[in-house]
J.: 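Take this structure, written in structure tokens, and hold onto it; I'll ask about it next.
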Amino acid sequence: MRRLLQASEFVELHDQVQTSVTLLDSLESFLSTFQKDLSAVSGQISNLQDRSKDIDNRLKSRRKIEKPLSNLLVDLCIPPALATLILDTRVDENWIPAIMEFERRLETLKLRVRVKAARDLSEVAEGLRIVAATKLRTFFLSMLEPIRTSMTTNLQMIQSSVWMKYRPLFLFLQRHATNVAHEVQRAYVGSVRTFFETGFRRYLRGLSWVKARTVEKAESITSETSWEFDASRLEYARVDGPSVTMAYLTDDKNYKEPIEALVRSALMVLMDNATAEYAFITAFFASEPRPSLSSRDSSRSIMSPPIMSPTKDTFEEPRSNPGSDFGSESVSPRRRVVSITGVMNSATQDQQSFKEEQASLNAIWKQVMDPVLDYCQTFIQNVIEPAPPVIPLLTIIRLTEDVVAEVQRRGCGPLETYIFTLRLKMWPVFQKLMAENVDALKKLAEGANAGYFRRTGTTTDASVSNVCRHYVTIFNAFVALTDQPEETMIFSNLLRLRQELSKLIITHTDKLGEPVAKASAQSTFYELLLQGLSNGPRLTSHIKAQSELAYWRERDEESRRRVVSMMGQDRARHA
């Protein structure tokens, strides 16, 4: 019985072992299958990871070209608002930013020639360019109508407030419609040339009428007439002197002005108009380089559709080079090695270009002002031929010097050369007048020395006194008009006059027999000179005035000493 129980236990144990073996086999089969499935899943996960990295890299590449591609799309389109403005509206202030935007897009299309879309859009852009150039031509020509139709037009006001405001539109014509720009320039030159020619012809003709009412001829220092020179006329030697003669005053038959005042009016009106015109021409017609496209942000354009940007005003990534093909990674430009030869050549080319453009602008100004310059030159020529009195002539010369300095300050080179040339023509006339005065004193002194055999040349106390007063007038005026103490042209002539005047006084008083009377007469003339020179306008500030006073004072003291000495000798003889 016991064995039976053990046998059943063994059988049961065997069955359990068998079941366990079966379970183990089944588990082994499951684990083997699981391992295969796990290996497959692991491969799939690795594949997914690779695909994820690839997608991530592609996403980064897409993000990298997103902004350049977006900018390219914006640049390769012309907004409907821009096209409508050019096609359907008249030129006004709204065209200024629009035409600048349109020009930027034209330049962009030229740079994207390798992009098919740019080539396709070029025909549309060319049509808009032609329409814009046509409308701008009509617009600029219409702005010349007030100048052509009325002489009362304020030209400078139109230039500064209208023409300069629309200069960006003219620059567009210079760069994209050269023939139209040249036509506008020629029309402007013709209109303004006629405007100035008519105005100056009328004005200078009026000044000539005033000049004819007061004729002043050059008189010799030995003239018997007494000079009545108004020292206030010396104020016309400065740019900041009295006001100019207005055109309507010249119609008054009773209106008179000294010759230097008329010349000053002509030169002042010429200077103001010519320098203002030069400033406008050099500012308006000067060419400017095209703006750099890479420095502009196309998303900020008023005509561009809005584009989202990561920040308000800046982008995280730089824009690509407009000359590159979008879609490829941007390549930073290679750093160039700058050589001293390249720098010098570039500087030379820039300087040459500047000189050529400056010469071109000067030529435009000359075309406009040529008739005016001819009229002014004729007017000045009529002033100095026949020669005016020497003091008004020197006043005019000083005026031209002051005008040259002012023109130089305003930066008008052609006018500076013109005024300088006028001044050079005046100096020989001045030198001739001074030489004639010196010769006249010589002849008068020779006549005084000839005694009774040349009665036509004899001198009197009144005539010599008159010469002394004339000399004082000339000297004081010359000193007042001369800042430089050692100006050869002025003071060498005055020195010659002084030498001849001294000789005249000596030869005139030599006719008096008694030494006391002779010395007394000389002292009288010297006192007359000293009194006149002491009233000069620059007695204490000019070294030549002090030197002149010292010279005549020494002569006067010497004459007085001779009088005292000879009178003492006479008293001694009588005692």
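These numbers were taken from a predicted model, which means no experiment stands behind them.
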J.: Go through the steps to decide whether Asp272 and Arg410 satisfy the test salt bridge (charged side-chain N to carboxylate O under 4.0 Å, His left out), and finish with yes or no.
T.: CA-CA 10 Å; Asp272 289 342; Arg410 299 185 186 185; 3.1 Å; yes
J.: Please find the pair of heavy atoms, one from Leu533 and one from Phe475, that lie closest to each other, and give the distance.
T.: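 Distance-wise, the nearest heavy atoms are CD2-CD2, 3.5 Å.
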J.: Is there side-chain contact between Thr194 and Arg148, with heavy atoms separated by less than 4.5 Å?
T.: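 Thr194 vs Arg148: side chains apart.
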J.: Please verify the inter-ring angle class for Phe139 with Tyr166; under 30° counts as parallel, over 60° as perpendicular, anything in between as tilted.
T.: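 If you compare the ring of Phe139 with that of Tyr166, the planes turn out perpendicular.
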J.: So, does Arg264 use its side chain to make a donor-acceptor pair with the main chain of Pro242 at under 3.5 Å?
T.: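 Answer holds: yes.
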J.: Treating Asp402 as the side-chain partner and Arg238 as the backbone partner, does any N or O pair qualify as donor plus acceptor under 3.5 Å?
T.: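 Answer holds: no.
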J.: Using 30° and 60° as the class boundaries, would you call the ring planes of Phe170 and Phe140 parallel, tilted or perpendicular?
T.: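 Phe170 and Phe140: perpendicular rings.
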J.: Okay, side chain of His542, backbone of Thr482: is any donor-acceptor separation there less than 3.5 Å?
T.: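 Yes; at least one donor-acceptor contact below 3.5 Å.
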J.: For Arg398 and Leu481, indicate whether the former's side chain and the latter's backbone hold a donor-acceptor pair under 3.5 Å.
T.: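 Yes.
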J.: Using modelled atom types and a 3.5 Å cut-off, is there a donor and acceptor pairing between side-chain atoms of Tyr236 and backbone atoms of Val263?
T.: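 Flag not set: sc Tyr236 to bb Val263 has no pair under 3.5 Å.
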J.: Against Tyr188, only a single residue in Phe285, Phe195, Phe284 fulfils ring pair (Phe, Tyr, Trp, His ring centres under 6.0 Å); can you say which?
T.: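 Result: among Phe285, Phe195, Phe284, Phe285 is the only option passing the ring pair (Phe, Tyr, Trp, His ring centres under 6.0 Å) with Tyr188.
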J.: Roughly how far apart are Asp240 CG and Glu406 CD, rounded to 0.5 Å?
T.: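 Spacing of CG (Asp240) from CD (Glu406) equals 9.0 Å.
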J.: Under a 4.5 Å cut-off applied to non-hydrogen side-chain atoms, are Asn382 and Ser208 in contact?
T.: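 Side-chain contact under 4.5 Å: no.
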J.: Which atoms form the tightest heavy-atom contact between Ala286 and Leu361, and what is the distance?
T.: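 Reported closest heavy-atom pair: N-CD2, 4.0 Å.
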J.: Indicate the ring-plane relationship of Phe430 and Trp427, choosing parallel, tilted or perpendicular according to the 30° and 60° boundaries.
T.: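 It falls in the perpendicular class, over 60°.
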